[in-house]
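Accompanying notes for the structure given below.
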Amino acid sequence: MDLNEIDKNHLWHPLTQHKLYPEHIPIKSAKGVFIEDFNGNKYIDGIASWYTCMYGHCNDYIINKVFQQMKQLDHVVFTGFTHEPATNLAKALINILPKNQQKLFFSDNGSTSVDIAMKMAFQFHFNNKEQRKKIIAFEDSFHGDTFGAMSVSGLSIYNGPFEKFFIDVERIPVPTQLNIEDLKNKITSLTKNNDVAAFIYEPLVQGAAGMIMHEAEHLNQLLKIFKDNKIITIADEVMTGFGKTGKNFASEHMTNLPDIICLSKSLTGGLVPMAITSCSEHIYDAFLSTKMEKGFFHGHTYSANPTACTAALASIELLNSNEIQNNIKMIIDSHKEFNSKIKYHVKVKSTRQQGIIFALDLNVEMKRYGELRYKLFNFYMQKGVYLRPLGNTVYILAPFVISKNQLQKIYSAIEESFELF
Ligand SMILES: *Cc1c(COP(=O)(O)O)cnc(C)c1O
């Protein structure tokens, strides 16, 4: 049986209506910025495989470190035991996280890092004998697909079957120059009853919504109100974390720092899954007690897996390197140049950029999974570029190791695609 046949017989892909879209492109290998299919076609990974492989696919530096680690300690229970891969990672990560972050809690993916953050927030208030059951979240946010994360995601257009089970969420629009004063009033009145446990947000860029961006200055004003009302602020940096917004973390663009931060995606450079929920000392302290039940009784089997910790540490070492930092600057400048070239094109409705994240809206009406979206996708693939348009939004979030020429290839493919409609 060939690969396609076995796939059709046995595999159920994420976010897929198999009746309408039964075909999946078999991928054989990946190296650097390229993914390669079984016919020898290479595609530039313009979205770093959902923002994971930021240091390039199959990065030799990361792989070698992980290989050495695997020979020494594969996995051990993280309740009752600790190990160097976790402590070494902790030192390196705390060193680059916003300065109020102090404790790290491990899990396996972005959604669980969000669920953990929410449970921390609810129990923080519970332990302090306060009844706070509501969460405030942005409209069109995406925080993951587990029950808690799905509940706070505004974007979940296909979550109909589960909506009855959701926790209590109040939605607010992202701040703009126009709505900022109204929004501040709205938040002040939402917080009046002292029943809001937390505010969860994707700082500066809402990824899955289509790389929708808002100003740091505005978000900072909202964070101040939440802080003043003892509402725990949870920055979901699963997408924005590790250098993508021009700083190591998007939260560094604001003076009001989050109490809790969710990390995953490029944490391990795309080699293995892992997530971390970090928090400030004052969150952690609310769980310290001689009473057992005040502790945080949440745990995952693969918590702090030593090979994943090693991949994460190697990734942070790369992020800190001059080579990567210089390339981040090159990508930011390069996007700016591309932007000034295309922003007034008749087929372009609007453009936006935050760090190495660049997005443009095409001047055409389109459903999120409309026909033109697939036409664009196929066109880019033919051009040797892997991009995943979100409705009429085309965005670039390429690995940090991409070269100027390779970026140019992505830009050309996008410009040529303007002729498709
Ligand atoms: C991808 C993503 C998640 C979910 O992460 P998974 O690892 O897919 O569960 C959560 N929040 C944000 C902002 C994301 O981009």
Side-chain angles (χ1 to χ4, degrees), residues 12-16 45 47-54 105-121 135-159 162 166-167 169 171 174 198-214 219 233-245 248-251 253 258 260-278 298 300 302-303 305 308 311-312 315 354-357 359 368 388 390 393 395-398:
W12 193 342
H13 289 262
L15 312 171
T16 299
D45 190 348
I47 64 164
S49 288
W50 271 342
Y51 344 128
T52 56
C53 306
M54 296 308 294
F105 194 96
F106 289 93
S107 64
D108 314 317
N109 61 74
S111 305
T112 52
S113 77
V114 167
D115 276 17
I116 288 162
M118 287 173 17
K119 284 177 74 174
M120 279 179 181
I135 297 219
I136 297 180
F138 281 141
E139 290 161 4
D140 295 331
S141 60
F142 178 74
H143 298 292
D145 285 333
T146 53
F147 257 92
M150 176 174 63
S151 287
V152 288
S153 296
L155 190 72
S156 320
I157 38 178
Y158 302 121
N159 282 346
F162 318 111
F166 286 0
I167 52 168
V169 180
R171 294 202 188 285
V174 289
F199 168 56
I200 184 162
Y201 57 104
E202 293 165 271
L204 306 190
V205 188
Q206 294 183 291
M211 301 298 157
I212 305 296
M213 299 178 187
H214 54 268
L219 178 58
T233 50
I234 303 171
D236 179 352
E237 295 230 25
V238 170
M239 192 281 286
T240 52
F242 301 103
K244 301 188 196 83
T245 64
N248 282 339
F249 299 94
S251 293
H253 293 271
I260 300 178
I261 300 181
C262 305
L263 303 167
S264 188
K265 292 214 162 106
S266 66
L267 170 63
T268 60
L271 193 70
V272 282
M274 188 166 76
I276 288 178
T277 308
S278 73
H298 183 110
H300 295 285
Y302 277 94
S303 291
N305 173 261
S315 298
Q354 176 71 56
I356 68 138
I357 306 167
R368 190 167 173 86
R388 267 187 118 252
L390 294 162
T393 300
Y395 71 93
I396 308 170
L397 210 170

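Since this is a predicted model, take the numbers as computed values, not measurements. The analysis underlying the following values was restricted to heavy atoms, covering all of them including side chains, and did not include hydrogens, waters or symmetry mates. Both counts, for ligands and for their atoms, begin at 1 and track the order of listing.
Residue Phe142 touches ligand 1 through backbone and side chain together, judged by heavy-atom distances below 4.0 Å. With a heavy-atom cut-off of 4.0 Å, Glu202 touches ligand 1 through its side chain alone.
Shortest contact from atom 15 (O) of ligand 1 to any protein heavy atom: Lys265 NZ, 2.6 Å.
For ligand 1 and Asp236, the ligand atoms under 4.0 Å from any heavy atom of the residue are 10 (C), 11 (N), 12 (C), 13 (C). For ligand 1, the atoms lying closer than 4.0 Å to a non-hydrogen atom of Met239 are 15 (O). Close approach of ligand 1 to Ser111 (heavy-atom distance below 4.0 Å) involves ligand atoms 4 (C), 5 (O), 6 (P), 9 (O). Atoms of ligand 1 lying under 4.0 Å from any heavy atom of Gly110, numbered from 1 in the order shown and given with element: 4 (C), 5 (O), 6 (P), 7 (O), 9 (O). The distance from ligand 1 to the heavy atoms of Asn109 drops below 4.0 Å at these ligand atoms: 7 (O), 9 (O).
Evaluated by nearest non-hydrogen atom to atom 3 (C) of ligand 1, the leading choice among Leu263, Leu267, Val238 is Val238.
Separation of atoms OG1 (Thr277) and CE (Met118) is listed at 11.0 Å; rounding is to 0.5 Å. Note that NZ of Lys265 and SG of Cys53 are 12.5 Å apart. Values are rounded to the nearest 0.5 Å.
Counting heavy atoms from C-beta on, the side chains of Glu237 and Thr240 come closer than 4.5 Å. A heavy-atom distance below 4.5 Å is not found between the side chains of His253 and Leu219. Side-chain contact between Ser141 and Ile200: absent, with no pair of heavy atoms (C-beta onward) separated by less than 4.5 Å.
Checking atom 8 (O) of ligand 1 against the protein gives no heavy-atom contact under 4.0 Å.
Panel note: side chain Ser264, backbone Met274; a donor-acceptor pair is recorded below 3.5 Å.
Taking the six-membered ring where the residue is Trp, His298 and His300 present perpendicular rings, their angle passing 60° and hence far from 30°.
Taking the centre of each ring, Phe249 and Phe242 come in below the 6.0 Å mark.
Heavy-atom separations between Glu237 and ligand 1 are all 4.0 Å or longer.
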